[in-house]
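Contents: one structure, followed by commentary.
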2 protein chains.
Amino acid sequence: MNKHFRSNCPISSALDIIGDKWSLLIIRDMMFPGKKTYSEFSNSSEKIATNILSSRLSMLEELGIINKGKEEGNKKTNIYSLTQKGKELLPIILEIAQWSDNNLNDHLKDSAKPFVNKFKSNKDEFAKNMYLFFENRKR
Amino acid sequence: MNKHFRSNCPISSALDIIGDKWSLLIIRDMMFPGKKTYSEFSNSSEKIATNILSSRLSMLEELGIINKGKEEGNKKTNIYSLTQKGKELLPIILEIAQWSDNNLNDHLKDSAKPFVNKFKSNKDEFAKNMYLFFENRKR
DNA sequence: ATTATTACTTGCGTTTTGAAAGTTATTGCA
DNA sequence: TGCAATAACTTTCAAAACGCAAGTAATAAT
């Protein structure tokens with residue numbers, strides 16, 4: 001149990017990594033709108049500060065949740081992508097979305113509803129399809 | 001969309017509430033070992049500072065995730081309990097535990113493994129049984 | 001009556017966050 | 001070829017949150 005982790009509890013240890021207000025939002029943006037560059041993350045509707053974005057991206061990379069690379073022919077733009085470890089955060093994010101849909105209903109946008117309802121109706125299949133979608137998304 | 005929330009995204013809004021290193025740990029302690037008093041929370045293996053604990057408990061109460069009450073015959077000890085909204089955080093916590101079990105395996109304690117495996121084998125039934133357990137836990 | 005317990009609150013130094021501006025290296029365009 | 005725009009940061013600095021230690025008030029136990 002190294003210095004990152006408060007205890008050897010699975011829940012506590014996960015929260016040591018993703019237990020903040022920004023990490024899962026970056027991952028959400030990678031999963032659903034398929035964002036992959038610094039400036040795309042920077043333009044999220046939650047307006048993350050650039051220094052925080054920068055530190056979160058390095059942290060997530062260091063922890064093996066995302067990869068950082070380039071596309072050939074472009075030396076400027078960094079391409080961030082989810083590792084397997086990162087992709088497996090999907091069920092957590094989906095359960096969070098469902099909880100919000102059930103419990104914070106008053107102020108949420110409606111456009112997420114069909115999405116959440118589909119997830120509710122068959123969670124396993126929905127997740128499986130999302131994983132396929134991740135694989136087939138054009139780069 | 002009031003001042004608490006950065007956007008009207010379900011995931012972002014949930015993280016505005018539970019997106020920190022402590023809230024879900026308090027809720028974990030209420031769910032699994034069935035903790036219900038200030039001093040019990042204070043003794044968790046992650047050693048939360050008393051001022052943080054105090055502020056999280058009021059925040060969670062204000063947000064309708066926990067209730068604060070007394071038991072008859074004891075004017076000293078406050079009893080905290082999960083509301084329905086709070087209990088429904090269970091699936092999120094279970095998915096977090098599963099993710100850790102799959103991805104942080106190296107440093108976790110083994111005692112959680114049978115628990116996580118049981119969840120993996122049939123998530124819906126496992127969650128349903130946990131909800132029943134919450135109801136029947138002696139006070 | 002005294003001590004212990006419970007649930008805090010306060011003070012204060014440290015760390016993290018957040019807004020804004022600045023920097024460096026490409027890249028697109030005239 | 002030169003210049004503006006873009007991408008990805010880094011720096012600065014004030015404000016907020018955190019975390020440790022100590023203190024307090026009410027109740028309960030001895």
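Order of the sequence lines sets the chain letters (A, B, ...), proteins ahead of strands, with each chain counted from 1. Below, each value reflects all heavy atoms present in this structure, side chains not excepted, and no hydrogens, waters or symmetry copies.
A:Lys75 has no side-chain polar atom (N or O) that falls below the 4.0 Å cut-off from OP1 or OP2 of C:dT24. Of the side-chain N and O atoms in B:Trp22, none sit less than 4.0 angstrom from OP1 or OP2 of D:dC18. For B:Asn74, a side-chain nitrogen or oxygen approaches OP1 or OP2 of D:dA28 to under 4.0 Å. Close to C:dC8, at under 4.0 Å from its OP1 or OP2, lies a side-chain N or O of B:Lys68. The side chain of B:Ser54 places no N or O atom within less than 4.0 Å of a non-bridging phosphate oxygen (OP1 or OP2) of C:dC8. Considering only side-chain N and O atoms, B:Asn51 lies nowhere under 4.0 angstrom from the phosphate OP1 or OP2 of C:dA7. Regarding contacts with the backbone of D:dC18, every side-chain N or O of A:Arg6 stays at 4.0 angstrom or more from both OP1 and OP2. Look at A:Tyr80 and you won't find any side-chain N or O under 4.0 angstrom from OP1 or OP2 of D:dA7.
Counting non-hydrogen atoms under 4.0 angstrom, B:Thr50 reaches a base of the nucleic acid. Counting non-hydrogen atoms under 4.0 angstrom, A:Thr37 reaches the backbone sugars and phosphates but no base.
Here D:dC20 is the nucleotide among D:dC9, D:dC20, C:dT6 with the atom lying nearest to any side-chain atom of B:Ala49. Nearest to the side-chain atoms of A:Ile52 among the listed nucleotides C:dA25, C:dT17, C:dT9 stands C:dT17.
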Query raised in the report: Stepwise, does the side chain to side chain contact (heavy atoms under 4.5 Å, CB included) test hold for B:Ile17 with B:Ser23?
Result: CA-CA 8 Å; B:Ile17 296 176; B:Ser23 299; over 6 Å; no
Query raised in the report: Between B:Leu94 and A:Glu95, does a side chain to side chain contact (heavy atoms under 4.5 Å, CB included) hold up when you go through it step by step?
Result: CA-CA 10 Å; B:Leu94 293 177; A:Glu95 290 292 349; over 6 Å; no
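Contact check on A:Glu71 versus A:Lys36 returns no salt bridge, with no Lys/Arg side-chain nitrogen under 4.0 Å from an Asp/Glu carboxylate oxygen.
What separates CG of A:Asp20 from C1' of D:dA17 is a distance of 14 Å, to the nearest Å. The separation between A:Lys21 atom NZ and D:dA17 atom P is 10 Å, rounded to whole Å. As a whole-Å value, the separation of A:Glu61 CD from D:dA8 P is 14 Å. For B:Leu53 and C:dT9, the CG to P distance is 11 Å, given to the nearest whole Å.
Proximity of A:Tyr38 to A:Lys68: side-chain heavy atoms (C-beta onward) are nowhere separated by under 4.5 Å.
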